[in-house]
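First up is the structure itself, then whatever we jot down about it.
On a predicted model such as this, the values are computed, not experimentally measured, just so you know.
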Amino acid sequence: MGVGFVVGVFGVLILAHAAYSTIQYRSLLKIMQEEFSGPPFHVAIELILGLVLSMWAALTVPGKFHSINPEAEENRIVSLPANQDFMVFNHRGRLFPKEADLKLKH
């Protein structure tokens, strides 16, 4: 477990706590018969902190990106399996015109 993973788990826990705090706050407002206008300030700060930590972990945990070689043999469409069970030809694409004139107007 790396540091990024631990930070991501901590960020998700902070987001869960902020959600729980908002639910408690709304139930308290229902008891007091007041309208909900938004979460309290400390819950909003928790949401922002949890979002930042989760986004940082999501960007750092997977690792480095590798470039795609367009000439690689495994990228060719002929390398797809010959199983046609999951190919669907009756879809919404048939509603679009066959030849669309997509010229830009200046």
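Counting heavy atoms of neighbouring residues, nucleotides and ligands inside a 6.0 Å radius, atom CZ of Phe10 does not exceed 12 of them.
Residues passing the side chain to side chain donor-acceptor pair (under 3.5 Å) test with Tyr20 are Gln24, sequence neighbours excluded.
Membership of the apolar cluster around Leu28 extends to Met32, as traced through chained side-chain contacts below 4.5 Å between ILVMFWY residues. As a member of the Ile/Leu/Val/Met/Phe/Trp/Tyr network built from side-chain separations under 4.5 Å, Ile31 groups with nothing else and remains a singleton.
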For residues 34-60, please give each side-chain donor-acceptor pair under 3.5 Å, one per line with the distance, not counting sequence neighbours.
| unit_1 | atom_1 | unit_2 | atom_2 | d |
| --- | --- | --- | --- | --- |
| Glu46 | OE1 | His17 | ND1 | 2.7 |
| Glu46 | OE1 | Ala18 | N | 3.4 |
| Glu46 | OE2 | His17 | ND1 | 3.4 |
| Ser54 | OG | Gly50 | O | 2.8 |
| Thr60 | OG1 | Trp56 | O | 2.9 |

